[in-house]
Peer 1: 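Questions regarding the structure given below will be posed in turn.
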Amino acid sequence: DLSGLKSVISNILPAEITANFSFYIYTVDCRDKDDTNIEGRGRRTDLFRIGVWDNLLKDLPAAEKEVLKRVVFFAGSFFFSGRPIPGLEKGKCPTQLVDGTQTKGDTFTIVQVQHYSAPEILTAPLPTAQQGEVTVDTFRCFSCTKTFKSEEFMLQHCSQAGHQPVY
């Protein structure tokens, strides 16, 4: 009975990966004037802003730049992007975006880019059901977030944990 439940804390976000799911990871290298790795996240973030937004994409129309800013997330030694960033294609890396002239010798280089997309198993067409049949691609527990490859495994889990299956 969940009638008395007032709040729930969860870090699980249900997501459905579609055939056009895609993102890019850009690995970065930040160095000071002595060619020592810059560890400070704040300084790395400043160099990212200068290198990507102020230098590389300075001529990009403001509306396009704002759209791109909504899908780019800087994480220190790399950044994610939901779209490819113009000028940072795979064949053009490594690319130095900050050469140190405007940053007291600090440099910012894009070392590599990796493109990730949905695995083939998720984009393969699902089997179609014959008339009067139902197909199930995964079996799921109603009480928790676990999924199973077979009905047998799902029922075993539900039996052991006191959970209920989803049909």
Peer 1: For Asn37, which residues count as a side-chain hydrogen bond (donor to acceptor under 3.5 Å, both in side chains) partner, sequence neighbours excluded?
Peer 2: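 In terms of side-chain hydrogen bond (donor to acceptor under 3.5 Å, both in side chains), with neighbours along the sequence ignored, Asn37 is linked to Glu39, Arg44.
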
Peer 1: Quick one: OG on Ser77 to CZ on Arg41, what's the gap to the nearest 0.5 Å?
Peer 2: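 Rounded to the nearest 0.5 Å, the OG-CZ separation comes out at 9.0 Å.
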
Peer 1: Between CZ of Arg140 and NE2 of His163, what distance do you get to the nearest 0.5 Å?
Peer 2: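 The NE2 atom of His163 is 13.0 Å from CZ of Arg140, to the nearest 0.5 Å.
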
Peer 1: Does anything in residues 110-119 pair up under salt bridge (charged side-chain N to carboxylate O under 4.0 Å, His left out), and if so which pairs, sequence neighbours excluded?
Peer 2: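 Salt bridge (charged side-chain N to carboxylate O under 4.0 Å, His left out) check on residues 110-119 returns no pairs.
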
Peer 1: Heavy-atom count check: over 12 atoms from other residues, nucleotides or ligands less than 6.0 Å from Lys146 NZ?
Peer 2: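 Result for NZ/Lys146: open.
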
Peer 1: State, with a plain yes or no, whether a side-chain heavy atom of Asp54 is found less than 4.5 Å away from one of Gln102.
Peer 2: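 Asp54 vs Gln102: side chains apart.
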
Peer 1: Can you tell me how far apart CD (Glu151) and CD (Gln156) are? Round to the nearest 0.5 Å.
Peer 2: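 Rounded to the nearest 0.5 Å, the CD-CD separation comes out at 13.0 Å.
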
Peer 1: So, using side-chain hydrogen bond (donor to acceptor under 3.5 Å, both in side chains) as the criterion, who are the partners of Glu66 when residues are at least two apart?
Peer 2: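 Result, side-chain hydrogen bond (donor to acceptor under 3.5 Å, both in side chains) vs Glu66: none returned.
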
Peer 1: Each residue besides Phe108 in its hydrophobic cluster should be listed here, by chain and number; the cluster joins Ile, Leu, Val, Met, Phe, Trp and Tyr at side-chain heavy-atom distances under 4.5 Å.
Peer 2: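 Grouped by the 4.5 Å side-chain rule, Tyr24, Tyr26, Val28, Ile38, Leu47, Phe48, Ile50, Val52, Trp53, Leu56, Leu57, Leu60, Leu68, Val71, Val72, Phe74, Phe79, Ile85, Leu88, Leu97, Val98, Ile110, Val113 form the rest of the cluster around Phe108.
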
Peer 1: Give the cluster check for Phe153 versus Phe139: same hydrophobic cluster or not, with ILVMFWY residues linked at side-chain heavy-atom distances below 4.5 Å.
Peer 2: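 Linked within one cluster.
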
Peer 1: Please identify which of these residues, Asp29, Thr109, Asn55, meets the side chain to side chain contact (heavy atoms under 4.5 Å, CB included) condition with Gln96.
Peer 2: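 By the side chain to side chain contact (heavy atoms under 4.5 Å, CB included) criterion, Gln96 pairs with just one of Asp29, Thr109, Asn55: Thr109.
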
Peer 1: Scan for salt bridge (charged side-chain N to carboxylate O under 4.0 Å, His left out) pairs involving residues 98-113, sequence neighbours excluded, and state none if there are none.
Peer 2: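 Applying salt bridge (charged side-chain N to carboxylate O under 4.0 Å, His left out) to every pair that reaches into residues 98-113, excluding sequence neighbours, yields Arg43-Asp106.
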
Peer 1: Rounded to the nearest 0.5 Å, what's the gap from CZ on Phe23 to OH on Tyr116? Could you check?
Peer 2: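 Nearest 0.5 Å value for the CZ-OH distance: 6.5 Å.
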
Peer 1: Quick one: which residue pairs count as a salt bridge (charged side-chain N to carboxylate O under 4.0 Å, His left out) with a foot in residues 73-98, not counting sequence neighbours?
Peer 2: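 For residues 73-98, and leaving out neighbouring residues, the salt bridge (charged side-chain N to carboxylate O under 4.0 Å, His left out) pairs sorted by first residue read Glu89-Lys92.
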
Peer 1: Is the backbone of Leu155 close enough, under 3.5 Å, to the side chain of Ser159 for a donor and an acceptor to pair up by distance?
Peer 2: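 No; judged by distance alone, with no hydrogens or angles, the pair does not exist.
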
Peer 1: Any chance NZ of Lys33 has more than 12 other-residue heavy atoms, nucleotides or ligands included, within less than 6.0 Å?
Peer 2: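 Counting other residues, nucleotides and ligands, NZ of Lys33 stays at 12 neighbours or fewer.
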
Peer 1: Which pair of non-hydrogen atoms, one from Cys141 and one from His157, has the smallest distance, and what is that distance?
Peer 2: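 Minimum heavy-atom contact is SG-NE2, 3.6 Å.
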
